[in-house]
Every structure is written in C-alpha cells, then in structure tokens.
Amino acid sequence: MTPAAIALPSDVSWIAILPLLIITGTALLTVFADLWMEGPDRETLGWIGLAGLVATAVAAISLWNTHQSAFSSSVALDRYGLFFTLLFCLASAITLLMSMSYLETTDIRTGDYYSLILFSTAGMVLMATATDLILIFLGLEVMSVAVYVLSGIWRSQVRSNEAALKYFLLGAFATGFLLFGIALLYGATGNTTLAPIAASIGKIGGYQRTLALAGMGLLLVGFGFKVAAAPFHVWTPDVYEGAPTTVTALMAVGVKAAGFAAFARVFMHTLTVLSADWSSILWVLAVLTMTIGNVTAVLQRNIKRMLAYSSIAHAGYLLVGMVAGGESGGTAVLFYLIAYTVMTLGAFAVVTALGRRGEPNENLDDYAGVGFRHPLLGLAMIVFMLSLAGVPPLVGFVGKFYVFSAAVQSGYIALTVIGVLNSVISVYYYVGVLVRMYMTEGALEIPVLSSRPYLVAALLVTVAGTILLGLFPSPVFELARQSFRALG
Amino acid sequence: MPLLSLIVFTPLAGALVLMLMPKEQNSSLRRGALAFSLVPFAFSLCLLARFNSAEAGFQFTEQAAWIPQFGIAYKVAVDGISLFLVLLTTFLTPLVVLAGWDVHKRVKEYMVFMLLMETGMLGAFVAVDLFLFYVFWEIMLIPMYFLVGVWGGERRIYAALKLVLYTMTGSLLMLVAILYLVILHHRSTGAPLTFDLVQLYNFSAPLTAQRWLFAAFALAFAIKVPMFPLHTWLPDAHTEAPTGGSVILAGVLLKMGTYGFLRFAIPLFPLAAREALPFIAALAVVGIVYGALVSMVQPDLKRLVAYSSVSHLGFVMLGMAALNTPGVEGSIYQMLNHGLSTGALFLAVGVIYERRHTRLISDFGGLWQQMPIYAAIFMIVMLSSVGLPGLNGFIGEFLILIGAFQTHRVAAIVATSGVLLGAVYMLWMYQRVMFGPLTNPANKNIPDLSKREILVFVPIIVMFFVMGLYPKPFLSRMEPSVQAYLSRMHQKMAAPDQILQASATSRAPSQAELPAER
C-alpha cells in the first residue's frame, strides 16, 4: 500500500464538523483552564462552557443551509444533524446553568465536572451527525464514558458510586450488542457507512439477509438501552436516583435524544427497507415501554425515580412516532424530543431548587405544601407536570398530538389508543406531585430563589419554552420537518 | 371588534393581573376578580344585542391560522345553540365570584382559578375548530381540579383525582377520534387537513367508522354530562367542591357534555347517532328516574342536589335524543335552566354550610324562623328546580316532554314520573330543612342572609321569572339555528335510505327502457 492510499480522504471538510470542533475545543479549554483556577469555586468553567455552547449553536444556525458529506462520507453536515446539535446545545446549556447552582449543595468541587458535561455533549453531537456506524459507535462511547464518570462524580455518596458502576457495567454490555450488530451488518453488506448499506440492503437475500436482520436486532438492543426502552430499561431508576440531579437531567434528556438521533437515522433512513421487520418489534417495545414506565412511575416515592420511569414512558411515546414512520412520524419524533427536553429539564430544575446542602429533599412527601409557600416554583412545577402529562396548551400536549396523529395517519389505531390510555395513567402520578405541593401541608425550608440566579435563568428558559412552544408550535415543527427531510 | 375573543380572554387577562397583585390584599383581589368577570358579561350583552336572530349559521366568526401544517385554526363563532350558553357562563361567574367573598383561604389563587376556568369554558363554547375545542375542553379541567382539591372538603383529594382521571380518559379517546376523523376526511375528500367544524359537518364518514368515532366522542361527553352509569364522579366532586366550584361545575361545566353531544357527536356522525339515539334516550330516562330516587334518600344536602343534577341532565339528553324542534329547543332551554336552578341550589346550600359547617339535612329543621329571607329565596330556587309553572324549569321540561313524546313515547311517559319524583325529593328536603320545630340549638343564632348574599340571588331569581314567563326572546334566537340543525340532521340521517332508494329507482327505469330499445 502506497503512502498516498492511507492519506486523508479526498472529502476532508472542517466546516462539516465545525460545531463538533467548537464544542470539543471548549471542552479541552475547560480542562486546561481548570489547572489555573484556585479555590473550590469553578463557576467560571461553567461560563466558558456556556460561551462554547452558544458559539456551537451559532455555528450550527449559520450552517443551516449548507449540506455536505465529509471524511469518506462518515460525517454529514445536514439539517438533521444540525437540529440535534442545537437540541444538545440547549440541553447542555440548561444543565450547566442548573449545575452552577446545584454544585454548591454538593461536595462536587472538581472542574472536571464541567469538562465532562462538554465532552459528553461532543459525543452526542457526533452521534447525531455521524453517517457511519463506526463513528456512531465512537460518538456513543465518548458520550457514555463521560456520563459514566459524571454519574459517579459525587464520590462521598454511596448511591452515586453505585449508579456509576451499574451504569458502566450494563452500558458496556449494551455497547457490546451494538458493536456486534455493526459487525453483522458489515458482514451482510460489506460496509459500515450508512448510504451504501441503505443502497445494498434491499438487494441482498439468503443468509446475508438473515445476517442483516440479526445485526438490526442487535443494534436495536444497543439503542434501546441508551434510550431506556423496555425491556432494556432496568438500569434507569437506580442510575437516575443515584447520579447527581443535574447529571440525571442530562442523562434523561441529552443521552436519550442522542440515542434517538442515531436510532432514527439508522432505522428510519438506512434500514427503511426492513421497516416491515422492525416496525412490528418496535410496536411491541413501544407498548411495553409506555406501560411499564407509566405503571411503575405510579408506585414511586422518590421524585428522581418517578422522573426516571416517566422518562421511560416518554421513550415509549417516541417509539410510537418511530413505528408510525415516514415523514410525519420522523417529524413528530424530532418535535417530541424538543418538547421532552424543555419540560423534563424544567422538572429537574425544580427538583434541584428544592434541595439544599445535606438535604436533597427528593422524596415526594418532602414536597408537601411547597406550592403555596414558594409560589413561583410551584407555578413552574404546575407547568412542567401538566406538560409532561400532556395537558394543552403546553408543549407536551402538542408533542403527543403530533406523535399520535402520525400513528393514526399510518393506521396504528390500536397503538394510539394504548398510548392515550397510558397518558391517563401518567396524569395520575404527575398530578400526584401537584396534589402534594398544593393540597397537603408541610414545612420544607429551602434557600430563596433570588440567591440562585443561574437556577432562575434555567427555570425561566424552560417555563417559557414549555408555554410558548405549546402555544406556537408551528415554527419549530417546520424546523423539525425540514430536518427530517434532510435525511433524504 | 373581535367581540368573542374579548369575551373569552378578558378573564385570562384578569387572572394574570390578579397573579401580580400581593396576596394579602384580599378585598382588592375580590373586587378585581369581580370587575374582570363583569367585563365579559358586559361584552356578552353586546353580543346578545348584536346577535342576528334571523341567521341560522355561525355569527361573529373570527379566524386566524394557528398550526397551518395541520390545518388548525383559531376559529371562534356563536350561533343560536351556543349564544345563551356563553351568556350563562358570563352571567354565573360574577355571581360565583361575589359568593366567593366567603372564601378566606388563599383568596388570590381561588380567584385566579375561577377566572382561568371562565376562559376555558367560554372558549369551549365558542370554538368551531375541533383542535381549539379540545384545548379549551382540557384547560377547563385544571382550574376545577385545583378548586376541588385545594378548597374542597375532607375527601377533596380523592374527589379531585377522580374528576381528573374520569374526564381525561374520555377526552383522550376523543382526541384519537378527532385525529382519525380529520385524517379520514383528508384522505377521502382529498381536501387539505382541516379541523374546521363547518367543513367536517359536510363530510359523511362510512357507517362503521362513524360508529367507532361516535362512541369515542359520546364516551367523553357522557362522562361530562354525566349520563348514567358514568356519573359516579359527580356526587364526589360536587360534595367535596367549595360552593363556587359546585356552582360552576353544575351550572356550566356539565353543560359541556350535553353541548358536546349537540354540537359535535350527533352532527359529525349522524348515521351512528341515528342508531344510538334510542339508547341515549333510554339511558337518559334511567338517569332521570335513578337520579331522582337516589336524591330522595340522600342525608347530605350537596349530594342530594348532585343527584338531582343527574336527573335533570337526563331530561336534557332526552330532549336532544328526540331530535325535533321542541325537543332540541327544550334541551337547550333546560341546559340554561339547570345552570341557573342548580347553581342557585348550590349557592343556597353554601349559605348554610358557611354558617354551620355541616351539610346534613338532619342537622337542620325550622330554619325559616331564624332566616325568613333565606327560606323565601330557597323556596323559589327549589320550585324552579322542581319545574313549577311560571318559573323557568317548567318551560324546559314541558318542551322536552312534548318533543320526546313524538319520538320516544315510552321514554317520555317514564320521564314524566321523574318530574313527579323531582317534586317529591325537593319538597321533602325543603320541609325537613325549613319547617318543623327549631330543635338543634346550634341553629338558634344563625344569621339571615347578608345584603351581599341577597345580591347574589336576586339576578338569578329575576331570570327564573323572566325565563318562566316570557321564553320567546330566548326561543326565537335559538329557532333558526335549531331548525337548520334539524333539517341538516334529518337529511343526513335519511341519506343511506335515499341512496338505496335512488339506486333502486335508477335501476328500475333502465330495466324498463331495455325492451323499448330493442
């Protein structure tokens, strides 16, 4: 092999990975900046991170009309990837804002925290923009390793250690499935790049087709684990409960959205030919995920566990969108992820707001009477809980509306009915939080909000997003539609 | 001037203003809420004055694109069917706010929820876009949930959750039906997606689809009405709700169910409705008799009134099921009557509950000696609810029975017994509360109505007499819309027969022509 053959591929384009470069650069910057910082306070790193995320978002927006494929077609600069890049920037930025207040109530005093958040975000961006299975795997690992560490970063807490170990062991196992699936698909099609796979997968038959189907099934397990779909969800409640609350928020939102980004790109675009095979599997998974998530959430006494099961349930609604398929289903999934991100981050922001040093106040009974004593927090929680329950005119309702209308359009009436009945179950536990906050008496003391400006900023953004996107969903829906169309 | 939007959103604006006010200033909060609930009433009087009573279709239409990708529009309008329900809402809300002077716990939030509630209810009555209707329909539920859950009685949390879960189950299935209908309309006509009610009225879905869709809509509305056997949430919600909540619940919220049948379920799916109407009539009659019988044995005043609602709303459904002019007009009229009478009954029960903190009939007796004004007012309210000629209730029930007698004779005859039973349980209750010796010492010093409380009752009582003695201005405004509605329904319900006949007749001549050609 001549040296020229192993040189860079002909389609090198740094522009195509500009958002990824900015965010990785920011992450590295925080690693080095940490070396020069004195004292226990690392807020500055949060600001650097925020600036980097804003820059990434600006880059993503300015590249909106650019469309190219680079690095041997392994990375795409398309609206689909940019849409998710923006989503991850939003999720990560709100997480950083929450963290800047939240870390004060914990023993986490290391600058690595901020770097890891940014590295995991870089991994998410890579997952959403990669068009090669190996690169998707790489992004998934960059994201996951950072999140494994983050969930165990509160070293003095046993449950944080437990969360990290559990997540790591099960996550590594699930990644194995994913990798094996990639190997089988490579065996079947001779490629790991998505476009050639898509081109050849319809033509193969015999044992190759069997290989491809087995590979598809294994990919499904790997992605199912990351998005916490039943029956691959069992890690979720323990990890969500044990990890620091802000990390839980990032996991619930960012990791899940990144999982769906790659999941939807591979299944709804590359493997559409096999949709007859995967859609019936996903149908079952969607029903299981929604039902297990919602029914188990009813029984929870800890708000983080409840939100963990709620996140499982929402993964189920998202799977309904994937089963529906086509442009309407894909657009619905993308919009739902935005809706889910905004309202879930908001709910976690309220959870962190109610905690104080040494008293996380994560039991639902701690919430007694909070609503009237802290009217603004209470109001925010009403908005988030009702939105998660799917009450109009909030964004959660619009998301469900899009998902279910896509399902009806594709003729999945039974699935839709199961979905809405699940929504009724979910009303019970979301409204249950409000019951405790407004209809029982308690004496929880928490620090005043005005002493935590970052948290207030996070709450404002999420409340505004939940209400405004619910009232005026069209522009974002149009963005989601354009983004899904970019898959081709 | 966007009159309807002003009516719908003034209370919302009021709620936002109230939220910004300091929560200690109870009296200015109350006055603010009253002012903000009087403004929509004034606007709705304008609406009444400018309403063209010769027009059968929708009036005051306002339309703006909302979610254009799905053909969803902000479209509001009124016709003769919804006009008076809007007025009922704007009329009752200020009275409820005024009655809410008795609320001393978290006044600010109470008033905010009341005003939000009004926006939700008004929006649902004027929406002529299915999506918009659904949004308002759900919005309504949240303030009611808080009103029951926070300001309610002992078992308030149970009652509030039951209310939410019952209603949500029905309405989410309705959402699926709405989606299915809209997509079916889009697929079969090739027209762009639309949630516009007027366009969907002109669409006839296949009979099988209609049956399912009607069932889903009917379930949502039947829970709200509530029709027997889906009524079990109502006594709990009514009993535990604070007075204002009960009044709004009985006065307006339950009308959503009957209005929903009239506006959506029946006209959107006429063929399925034609099959279902006999069953609806039967269930309505069961509700009438069952509600009345259960009322009779209630020891608790609020539960008694709650079950009487089940009975009275049975009449509303029976009139609707008759699907003729007296039936439907009587049904709409009875919606208004029930709103006023039952609203007033709950206000009246609220008065003594406020003073004695008990609702048990056995705790009272001989009250007229202590509270003569109250006794007089209560009597008029009670007689209106019973349907005494000269008062409003009589007109409604009479029209409904005339209508029902033409189409569902047996049902009408059985329902008449409900009128009789209604008189029995109401009069008996009145007798036990007001007459007899004043035995309970706790009632010895009970004060009569204050001026404010009298002020709450006077407008309602005036309306009892107006509607009882001179129903023409009301009926004449409903008439064109109801006539148009009925002729459209009968035409659409007859459609399959006509198609069969038409094909039969078209086949006949062709066979006849054949030999001639030869």
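Quick note on labels: first sequence line is chain A, next is B, and so on, each numbered from 1.
- Residue with the most contacts toward chain B among A:V391, A:L471, A:V431, A:L434: A:V431 (heavy-atom pairs, distance under 4.5 Å).
- Between chain B and the options A:S405, A:G419, A:P393, the largest number of non-hydrogen pairs under 4.5 Å is found for A:S405.
- For B:V150, the parts lying under 4.5 angstrom from a heavy atom of chain A are both the backbone and the side chain.
- Proximity to chain B (any heavy atom under 4.5 Å) is shown, for A:F372, by both the backbone and the side chain.
- For B:I183, the part sitting under 4.5 Å from any heavy atom of chain A is the side chain, from C-beta outward, and nothing else.
- In this structure, CG on A:L421 lies 5.0 Å from CG on B:L173, to the nearest 0.5 angstrom.
- In B:Y180, the OH atom is not crowded: 12 or fewer heavy atoms of neighbouring residues, nucleotides or ligands sit closer than 6.0 Å.
- No option in B:W151, B:Y145, B:F146 other than B:F146 meets the ring pair (Phe, Tyr, Trp, His ring centres under 6.0 Å) test with A:Y438.
- Going from atom OG of A:S328 over to atom CD of B:Q69 covers 13.0 Å, rounded to the nearest 0.5 Å.
- For a residue to count as touching a neighbouring chain, one of its non-hydrogen atoms must lie under 4.5 Å from one of that chain's; by this rule B:L141 does not touch chain A.
- What you find for B:R106 and A:E441 is that their closest heavy atoms are NH2-OE2, 3.8 Å.
- Taking CG of A:L394 as the start and CD of B:E138 as the end, the distance is 11.0 Å to the nearest 0.5 Å.
- Among A:P375, A:P392, A:S423, A:G432, the residue making the largest number of heavy-atom pairs under 4.5 Å with chain B is A:P392.
- Both the backbone and the side chain of B:I67 come within contact range of chain A, each with at least one heavy atom under 4.5 Å from a heavy atom of that chain.
- In terms of modelled atom types and a separation under 3.5 Å, the side chain of B:W66 and the main chain of A:S474 share no donor-acceptor contact.
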| request: Apply the test side chain to side chain contact (heavy atoms under 4.5 Å, CB included) to residues B:V176 and A:F404: give CA-CA distance (whole Å), side-chain angles for both, the deciding distance (0.1 Å), then the verdict. | output: CA-CA 8 Å; B:V176 180; A:F404 290 139; 5.9 Å; no
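- The aromatic rings of A:F401 and B:F195 lie tilted to each other, with the angle between the two planes from 30° to 60°.
- Here B:L172 contributes atom CG and A:T416 contributes atom OG1; the two are 12.0 Å apart, rounded to the nearest 0.5 Å.
- In terms of non-hydrogen atom pairs under 4.5 Å with chain B, the most contact-rich of A:R481, A:Q409, A:K400 is A:Q409.
- In this structure, chain A has no heavy atom under 4.5 Å from any part of B:I178.
- For A:I382, the part lying near chain B is the side chain, with the backbone staying farther off; criterion is any non-hydrogen pair under 4.5 Å.
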| request: Evaluate the criterion side chain to side chain contact (heavy atoms under 4.5 Å, CB included) for residue pair B:I157 and A:T440; output intermediate values, then yes/no. | output: CA-CA 9 Å; B:I157 294 175; A:T440 53; 4.2 Å; yes
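- If you tally non-hydrogen atom pairs under 4.5 Å between each of B:L184, B:L175, B:T169 and chain A, the highest count goes to B:T169.
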